[in-house]
Amino acid sequence: MDRIMFSEPFHAGNELAYVEAALKSTVWHGDGPFTDRATRWLVERTGTRHALLTTSCTHALELASLLLELEPGDEVICPSFTFSSTATAIAVRGAVPVFVDVDEQTLNIDPSCVEAAVTDRTKAIYIVHYGGIACDLPALQAIADRHGLSIVEDNAHSLGAYYRGQHLGTFGTFGTQSWHDTKNVTSGEGGALLINDDRYAERAEIIREKGTNRSRFLRGQVDKYTWVDQGSSYLPSDLLAALLVAQLERFDDIQERRHAVWSSYHENLRGWASDGGVQLMTVPDGCEHPAHLYFVTMPSHEHQLGLIEHLKERDIVATFHYQPLDSSVAGLRLGRTPAPCTVTADRALRIVRLPLHAGMSAADTERVVAAVSEYPTR
Ligand SMILES: *Cc1c(COP(=O)(O)O)cnc(C)c1O
């Protein structure tokens, strides 16, 4: 019996052909024809105003922090339950990530905790739609409006996810995507910045291009290019964009495959869960999720470790998820935590994520369901 991996990149089909085409062309640098195709796909799919490919989601978040002009002493509220990138992109500007707790059902940032954490130094809220299930966007938007804050959506889980029909990543000032190979669509490493406010479009282009107006020069809008602003080098090679285009053009197929696994877990584990005091995922009204991950909430930490070990013995790789940022080494040094993040601390010790990738067969999924169902929780 083969090992069922927790996650692995899906071979969509045209990766090799497109990378070869890019290699045979004269454009190996960024912003070539494949970048153009990927960017247009993103704009059309998500409905964002502008999109820019970046070297990672972390870099897209850093770009957002530069565009929002975060400065030392500024505060940005973010969930404790997230990947380190959300917080490092704040801290790298010298600003303070302010960690707040998450909702018990969705593990998304809790708006009441956000409201309580706002001070006169707060500049923005960086949110994560966990598993691509939308945060409480109306509540967060109301808080942002009341206090004049920007919202940045760390949208790494959420390509193909919607709230009331609108694509996630297009609600905040910026949304950030990831093409890391654990995500639904991948170029190994990579990301994108979605820009939902026209006022930032030109400066974003400049910051991404080492602080130069090279993009305007390439479009023939200025006759030479020069250093005009702050910046860094956030644009990926067109070779990577070629890989990405091969994935994006099979996106609907990838999603169908992932949804089949997700739905099978959700339907077939119901009896086991209710018998054993295990909680399955909840999808609130208005949320269309992208089958990015499937987690179960075990009754205790022992059961979390127990289920992971039980599956490992059956050659199935399952895993826990984020460890609280507020109590992490860097979080303690660089962040601020106005109130204990008790849900984050608790769920870090209780959730188990099951294998989920587009390469899983129906038989693989059944094998996981059967193995999980054998694990006694009482
Ligand atoms: C994967 C992930 C990131 C990091 O993405 P990179 O492209 O590897 O920088 C950031 N935030 C969240 C929520 C993620 O899941």
Side-chain angles (χ1 to χ4, degrees), residues 6-10 30 35 38 42 51-66 76-92 97 99-100 102-103 106-109 124-135 140 151-161 168-169 171-172 174-194 208 232-237 240-241 243-244 247-248 258 289-295 319-326 328 330-331 335 344 347-348 351 353 356-357:
F6 172 69
S7 168
E8 59 188 38
F10 180 67
T35 301
L42 267 177
L52 292 173
L53 291 196
T54 60
T55 30
S56 66
C57 180
T58 310
H59 279 167
L61 287 162
E62 286 186 23
L63 231 171
S65 295
L66 274 159
V76 176
I77 299 170
C78 70
S80 174
F81 187 74
T82 178
F83 194 54
S84 56
S85 300
T86 324
T88 51
I90 299 163
V92 78
F99 299 112
V100 300
V102 292
D103 173 76
T106 59
L107 306 187
N108 284 332
I109 194 163
I125 315 170
Y126 284 20
I127 66 176
V128 181
H129 307 291
Y130 187 65
I133 291 170
C135 294
L140 292 167
I151 292 179
V152 175
E153 297 171 79
D154 177 341
N155 215 42
H157 299 182
S158 308
L159 189 71
L168 300 188
F171 287 84
F174 306 108
T176 64
Q177 304 298 143
S178 173
W179 319 126
H180 185 261
D181 72 4
T182 51
K183 305 304 191 308
N184 291 26
V185 157
T186 178
S187 54
E189 303 278 355
L193 181 71
L194 308 183
R208 173 170 169 270
S232 190
S233 186
Y234 292 129
L235 73 169
S237 158
L240 273 184
L243 194 45
L244 182 63
Q247 297 258 311
L248 292 175
R258 298 186 73 106
H289 72 81
H292 175 59
L293 55 78
Y294 198 87
F295 72 91
T319 184
F320 49 88
H321 210 182
Y322 303 129
Q323 298 307 295
L325 290 184
D326 66 286
S328 68
T344 300
R347 295 310 195 271
I351 69 170
R353 286 178 300 154
L356 205 177
H357 52 89

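Counting starts at 1 for both ligands and their atoms, following the listed order.
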Just jot down the ligand 1 atoms closer than 4.0 angstrom to any heavy atom of Tyr322, in number order.
13 (C), 15 (O)

Counting each atom of ligand 1 from 1 as listed, which ones have a heavy atom of Gly190 under 4.0 Å away?
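Contacts of ligand 1 toward Gly190, numbered from 1: 7 (O).
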
Would you say ligand 1 has an N or O under 3.5 Å from any N or O of [X]?
| X | answer |
| --- | --- |
| Ser178 | yes |
| Trp179 | no |
| Phe83 | no |

Answer with side chain, backbone, both or neither: which part of [X] has a heavy atom less than 4.0 angstrom from an atom of ligand 1?
| X | result |
| --- | --- |
| Ala156 | side chain |
| Phe81 | neither |
| Ser85 | side chain |

Mind checking side chain to side chain contact (heavy atoms under 4.5 Å, CB included) for Ala134 and listing every partner two or more places apart, or none if nothing turns up?
His129, Leu137, Tyr163, Leu168, Cys287

Residue pair Tyr322 / Thr344, side-chain donor-acceptor N/O under 3.5 Å
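No, no side-chain donor-acceptor contact under 3.5 Å.
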
Please report the shortest heavy-atom distance between His292 and Gly131, naming the atom on each side.
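Heavy atoms only, the tightest pair is CB-O, 4.1 Å.
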
Out of Asn155, Asp154, Thr58, whose heavy atom is nearest to atom 13 (C) of ligand 1?
Asp154

Out of His321, Lys183, Gln177, His180, who is nearest to atom 1 (C) of ligand 1 when you count heavy atoms only?
Lys183

Within a radius of less than 6.0 Å around CZ of Phe320, do more than 12 heavy atoms belonging to other residues, nucleotides or ligands occur?
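Open.
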
Report yes if some heavy atom in the side chain of Val76 is under 4.5 Å from a heavy atom in the side chain of Val152; otherwise report no.
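Sidechains of Val152 and Val76: no contact.
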
For atom 15 (O) of ligand 1, find the nearest protein heavy atom and state the residue, atom name and distance (0.1 Å precision).
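Here the closest protein heavy atom is His157 NE2, 2.9 Å.
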
The side-chain contact (heavy atoms from CB on, under 4.5 Å) partner of Leu53 among Leu235, Leu240, Leu42 is Leu42

I would like to know whether Ser65 and Val92 meet side-chain contact (heavy atoms from CB on, under 4.5 Å); could you show each step before the answer?
CA-CA 9 Å; Ser65 295; Val92 78; 5.6 Å; no

Give me the ring orientation class for His321 and His157: parallel if the planes are under 30° apart, tilted from 30 to 60°, perpendicular past 60°.
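Judged by the thresholds at 30° and 60°, the geometry between His321 and His157 is parallel.
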
